[in-house]
Trainee: 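Here you go, one structure.
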Amino acid sequence: MKTLYTTEAVVEGGRGGHGRTSDGRLDVELSIPKELGGYGGSGTNPEQLFAVGFAACFHSGLLSVARGRKLDASDSTVTAHVAIGPTGRSGFGLAVALDLHAPNLSRVDAEDLMRRAHALCPYSNATRGNVDVTLRVDGTHLGESDLTKNKGGNNHEQDRTSGASHTQG
């Protein structure tokens, strides 16, 4: 890999400490969520930082693909939902759901852009095979019809990066 950019961050005190980047642009207090045994607090946490980073990177990739395909992705947003929990193998893991809201795109174009952005995004490439990533458009899993959704079907397996042929780049 040819490196185009490198950043550096230092954390003191782990999840309940303080983090900052070497250039001072990011300087945050960290708090452990109550759900993870902490006190809560006003600081952020690694999952929130990861969610912002993944959503920003993914949305940039999606916008780039949309421009190249001459699609109007203006007013679109990507929401990243990041979950943490035990893996069952004496460690913890993450799961991510990326949800696109794109009022100026058809459902077909929105799904296509999600798949293409997922193949392009460095966060998607870094997590592929390690983190369960689900792609959605307006809360509905890619490829899931309204009929399937309304009948309680669960078609989300096809959207996960582990084993999903259409998301493998």
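Computed from a predicted model, the values in this text were never measured in an experiment.
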Trainee: Under the side chain to side chain contact (heavy atoms under 4.5 Å, CB included) rule, collect the residues that match up with Arg69, sequence neighbours excluded.
Mentor: Val65, Leu71, Asp112, Leu113, Arg116
Trainee: How long is the gap from CG on Leu120 to CZ on Arg115, to the nearest 0.5 Å?
Mentor: 16.0 Å
Trainee: Specify the closest pair of heavy atoms between Val11 and Gly19, including all atoms of both residues, with the distance to one decimal.
Mentor: CG2-CA, 4.0 Å
Trainee: Between Ser124 and His118, what is the shortest heavy-atom contact and its length?
Mentor: OG-ND1, 2.8 Å
Trainee: Show your reasoning for whether side-chain contact (heavy atoms from CB on, under 4.5 Å) applies to Thr140 and Arg107.
Mentor: CA-CA 10 Å; Thr140 304; Arg107 174 76 190 195; 3.7 Å; yes
Trainee: A side-chain contact here means heavy atoms from C-beta on lying under 4.5 Å apart; do Asp99 and Val78 qualify?
Mentor: no
Trainee: What is the minimum heavy-atom distance between Gly43 and Gln48, and which atoms define it?
Mentor: O-OE1, 4.3 Å
Trainee: I need the His18 NE2 to Glu29 CD distance, nearest 0.5 Å.
Mentor: 4.5 Å
Trainee: Carefully, step by step, assess Thr127 and Phe50 under the rule side-chain contact (heavy atoms from CB on, under 4.5 Å).
Mentor: CA-CA 11 Å; Thr127 60; Phe50 186 72; 3.9 Å; yes
Trainee: So, using salt bridge (charged side-chain N to carboxylate O under 4.0 Å, His left out) as the criterion, who are the partners of Asp27 when residues are at least two apart?
Mentor: none
Trainee: Do Leu36 and Val28 belong together in a cluster built from hydrophobic side chains that touch within less than 4.5 Å?
Mentor: no
Trainee: Should Leu98 and Met114 be marked as a side-chain contact (heavy atoms from CB on, under 4.5 Å) after you check the CA-CA gap, both sets of side-chain angles, and the distance that decides it?
Mentor: CA-CA 9 Å; Leu98 298 171; Met114 287 294 283; 4.2 Å; yes
Trainee: Heavy atoms, side chains only, cut-off 4.5 Å: are Leu63 and Arg67 in contact?
Mentor: yes
Trainee: Output, in order, the C-alpha distance, side-chain angles, deciding distance and verdict of side-chain contact (heavy atoms from CB on, under 4.5 Å) for Tyr39 and Ser31.
Mentor: CA-CA 7 Å; Tyr39 296 107; Ser31 297; over 6 Å; no
Trainee: Report yes or no: does Thr21 contribute a side-chain atom to a donor-acceptor pair with the main-chain N or O of Leu26 at less than 3.5 Å?
Mentor: yes
Trainee: With a 4.0 Å cut-off on N to O distance, would you call Arg15 and Glu47 a salt bridge?
Mentor: yes
Trainee: Using the rule side-chain contact (heavy atoms from CB on, under 4.5 Å), only one of Leu135, Leu100, Val137 pairs with Glu111; which is it?
Mentor: Val137
Trainee: Could you check if a side-chain atom of Val96 sits within less than 4.5 angstrom of a side-chain atom of Phe54, using non-hydrogen atoms only?
Mentor: yes
Trainee: What I'd like to find out is whether the side chain of Asp109 reaches to under 4.5 Å of the side chain of Ser106, using heavy atoms alone.
Mentor: yes
Trainee: Distance only, no hydrogens: is a donor on one side chain within 3.5 Å (strictly under) of an acceptor on the other, for His101 and Ser76?
Mentor: no
Trainee: So do Thr3 and Met1 actually touch side chain to side chain, heavy atoms under 4.5 Å?
Mentor: yes
Trainee: Between Val133 and Tyr123, is any pair of side-chain heavy atoms under 4.5 Å apart?
Mentor: no
Trainee: Does a side chain donor of either Ser74 or Asp72 reach within less than 3.5 Å of an acceptor in the other side chain?
Mentor: yes
Trainee: Could you tell me whether a side-chain N or O of Ser60 sits under 3.5 Å from a main-chain N or O of Ala56, the two making a donor and an acceptor?
Mentor: yes
Trainee: State yes or no: do Leu30 and Val10 share one hydrophobic cluster built from I, L, V, M, F, W and Y residues joined by side-chain heavy-atom distances below 4.5 Å, directly or via other members?
Mentor: no
Trainee: With sequence neighbours left out, what residues match Glu8 under salt bridge (charged side-chain N to carboxylate O under 4.0 Å, His left out)?
Mentor: none
Trainee: Can you check whether Arg89's main-chain N or O pairs, donor with acceptor, with Thr87's side chain at less than 3.5 Å?
Mentor: yes
Trainee: If you take all heavy atoms of Gly16 and Ile32, which pair is closest and at what distance?
Mentor: N-CG1, 3.8 Å
Trainee: Does the side chain of Leu94 come within less than 4.5 Å of Val82's, by heavy atoms?
Mentor: yes
Trainee: Would you indicate whether the side-chain heavy atoms of Arg20 and Arg25 approach each other to under 4.5 Å?
Mentor: no
